[in-house]
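Quantities reported herein were computed from a predicted structural model and do not represent experimental measurements. Here is how names work: the chains are called A, B, and so on, in the same order as the sequence lines, proteins then strands, and each is numbered from 1.
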Amino acid sequence: MAGVELKNVVKSFGAVTAVKDVDVTFDEGSFTTLLGPSGCGKTTILRMVAGLEAPTGGDILVAGKRVNDVPIHKRNLGLVFQNYALFPHRTIGQNIAFGLKYRGVSKSDAATKVKRALDIVRLPGVEDRYPTQLSGGQQQRIALARAIVIEPDVLLLDEPLSALDANLREEMRVELKAIQHRIGVTSIFVTHDQSEALAMSDKIIVMSDGKVQQVGAPEEVYNNPANEFVASFLGASNILDVTVAGSDQDSIALSTAHFGTIPVPRSRATNLGDGSSGRLVVRAEKLQLVVPGSKVTGVGAKGTVEAVDYQGQIARYFVKVGDLQLQAMNMIEGRPFGAGTEVTVQINPQDCSVLPAEVK
Amino acid sequence: MRAWGLIRLYTILVYVFMFAPIAVVLMLAFNNSQFGGFPIEGFSLRWFYKLAENEAIVRAFKTSLSLGLLTALVATTIGILASLALVRYEFRGKDLITTMLISPVLVPETVLAVGLLIFLRWLHMPRSFLLLLLGHSIIALPFVVLVVQARLVGIKKEYEEAARSLGASPFQTFLTITLPLLLPAVFAGALFAFTISFDNITATIFWRPTGMETVPTQIFGMLRNSVSPEINALGFVMIVITVGVPLLAGALARYFARKKT
Ligand SMILES: Nc1ncnc2c1ncn2[C@@H]1O[C@H](COP(=O)(O)OP(=O)(O)OP(=O)(O)O)[C@@H](O)[C@H]1O
Ligand SMILES: [Mg+2]
C-alpha cells in the first residue's frame, strides 16, 4: 500500500499538451477520483501513473519513490479497464492467476488466492469458464479480481463501470467501493460521471483541459465550487452576474438584475470588496418554484416555466425570469408545473455561493 | 430475363474454361495409357509408382518441400515482427516501410527476379539455395504481413497492457498473450508463404543455382521433351498439397476453436 504523488507533471503528444503542470497527491489507502469532461487528460494521468506513458516533465512518486523510469511490469499496480481486457484465450482462473505467476506464487497457493479473490467479487466457482461465457458485469468483477489478487500498491481504474447498463452500474459502484474499503488499497478512479464521483470518492480532483480545477471532498467540491467550470460541471447550476452593494458583519449584499438585493452570508462570499462584481452560483435543486402569491423565503422573482423534464419524483424546469434562463430541479408535490405556468422563483441566500468575476 | 440467361451461361463457360484443365489433369493422372492424353484406357496408379521411382522428381520434390517450409518459417518470423512494429509503434518513415514491404506484390515478378539477380552479381555472390530462400521469402512476405497485420489490429492493446501491469515483461507478454491470440493469422500466413513458394516458377527459374530443380521447374523441364503421364500424376500431387493443406488447416483451426468455447 502506498500513496501516489504527482509533481508538476506535464504530458505532451506532439503539439497537444494533454496534461498541464499537474500537482496532486493521492493519499495512502484512499479512493480518489479524477473527474472531468472527455479529453481533459484523465486517462493520460492514469496511464502515466501506470507506466504506460512517460511524462514529458515532472515526477511521479509511489510510496515516496520516484518511478518515472520504472517499467510498468515492475511497478506492482492493479489496472482495470473500461472494456475489461480479460484474456480471451484463458479461463477465468488462468486470468486471475496470471499476475501470481510472475510473483513466484506456487500453484497451490495461487489456486487458494484465486478462490479468495473470486469470493471477494462474489463470483465463486467460475474458474473454468472463459471470459465470453460471462456477462459484462461479471467480466468486470473478474477484471477487478485479477487486479487485486496481486495485492497491488495502487489500484488504477479507468471508467470501469461505463460499459455497464444503468442499474448494474449503480449496484457495481456500491460494491466496488465496499471492496476497496475492505482491502484498503490506494485507488485512483477515472470517470466523467459526476454522480459516480460524488458517490464513491474520498477525494475528487476536478479537471478540465489538462489542468486541475479543484481538489476536495465530494461535498466540498459540490457545495463550494472553486470556479464556474466546477460549478457547472458538477450538477446543473445557475450563474448570475452580481455586484457588491454593501456589507455588514454577517453578510454581503449583492445586487442582481432580477432578484433585487441578496444578502449572502460572509462565509460564502470571501474576498469580494465593495463595488466589485462577481458571479452568484445557485444549484438547480436549490432554486425553488412556488405558486405566485405564496410566502417567499429569501428572495423571489416572477418567472414563466418554459419547459418541463419530468423525471418521476423530481422534475427539471426551464424557467425564464426576464431575459434570464434558469434551471430548477424540484421535488414534485402533487402535480408538476406545466409549461407556460406563471411561477415565483425563490432563492435562499444560504444556498448561494459567490465567485469573483472571471477575468476573460 | 434473356440477358440474365446469357450472363449465367457465360459465367458457367468461364468456370469450365478455368477448371476443366485441372479436372483433366486430375483424371489423366489415373489413366492407364502410355501417353499423357485421352482416351482413358482404364484406372491405374502406375504413374504414381513411376513418380516415386523417378529420382530427379523425388529430389525436386524434397527441394520444393524444404524450400517451402523454410520460406514459411522466414517470412512468418519477419512478417510477425514487421507487423508488430507497424501496428504497435509509431516511428518516422512508417508509411514508406509499409509500402516497401508490400511492393513485391505490385512489382512484376520478372522485374523482381532480375533485380535481385543483378544485385547479387554486383555483390559477387553466386546463385545458391540461400538466395532462392531469400527471394521466395521476399515474395511471400507481403501476404504474411497483410494477414498478420489485419489480425493484430483487432487484438486490443489493452490485453498487452493488462498483462504487463500484472508483471509480465514485454517478451513474456508477447509469448503469453499476443502470440496465442495471433496464432490463426500466423498459421494462415505460414500456409500462404508455403504455397506461394511451393508453386512459384517465374522467379525460381532466374534464381536457382544450376542443377537445382524445384517441382515446378522440373515439370517445366520435362514438358520440353514430351508430355509424360508422370507429369499428370505430379500435377495431381501438387494440387492435393496446395489445395489440401490449407483446407486441412482451416478444418483443424475450426475444430480447435469449437473445442475451446
Ligand atoms: N496517444 C496519444 N496521441 C496523441 N494524443 C493523445 C494521445 N492520448 C491522448 N491524447 C490527447 O490527449 C488529450 C487527453 O486525452 P485523455 O485520453 O487523457 O482524455 P480523457 O480525459 O481520458 O477523456 P475521455 O473521458 O474521453 O476518456 C486528448 O486531447 C487526446 O486527444
Ligand atoms: Mg479516458
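Counting non-hydrogen atoms of other residues, nucleotides and ligands closer than 6.0 Å to OH of B/Tyr15 gives a total of 12 or fewer. By the neighbour-count criterion of 12 heavy atoms within 6.0 Å, atom NZ of A/Lys20 is densely surrounded, having more than that number from other residues, nucleotides or ligands. Remark: B/Lys94 NZ is packed, more than 12 non-hydrogen atoms of other residues, nucleotides or ligands lying under 6.0 Å away. Under a cut-off of 6.0 angstrom, the local environment of CZ in B/Phe198 is crowded, with over 12 non-hydrogen atoms contributed by other residues, nucleotides or ligands. More than 12 heavy-atom neighbours from other residues, nucleotides or ligands sit within 6.0 angstrom of NZ on A/Lys101.
At a 4.5 Å heavy-atom cutoff, A/Arg129 makes no contact with chain B through either its backbone or its side chain. Using a 4.5 Å cut-off between heavy atoms, B/Thr173 makes no contact with chain A at all. Only the backbone of A/Leu86 has a heavy atom closer than 4.5 Å to any heavy atom of chain B. Contact of A/Leu79 with chain B is made through backbone and side chain together, with heavy-atom distances under 4.5 Å.
Put simply, NE2 on A/His89 and CG on B/Leu182 are 11.0 Å apart, with the number rounded to the nearest 0.5 Å.
Within residues 129-144 of chain B, no residue approaches chain A closer than 4.5 Å by heavy atoms. Contact residues of residues 152-163 of chain B toward chain A are B/Lys156, B/Lys157, B/Glu158, B/Tyr159, B/Glu161, B/Ala162, B/Ala163 (heavy-atom distance under 4.5 Å).
Here the closest heavy-atom approach between residue B/Ser165 and residue A/Ile150 is recorded as O-CD1, 4.4 Å.
The shortest distance between side-chain heavy atoms of A/Phe87 and B/Thr176 does not fall below 4.5 Å.
Counting heavy-atom pairs closer than 4.5 Å to chain B, the top-ranked of the candidates A/Leu52, A/Leu100, A/Leu77 is A/Leu52.
Formation of a donor-acceptor pair under 3.5 Å by the A/Arg90 side chain with backbone atoms of B/Ile177 is not found in this model.
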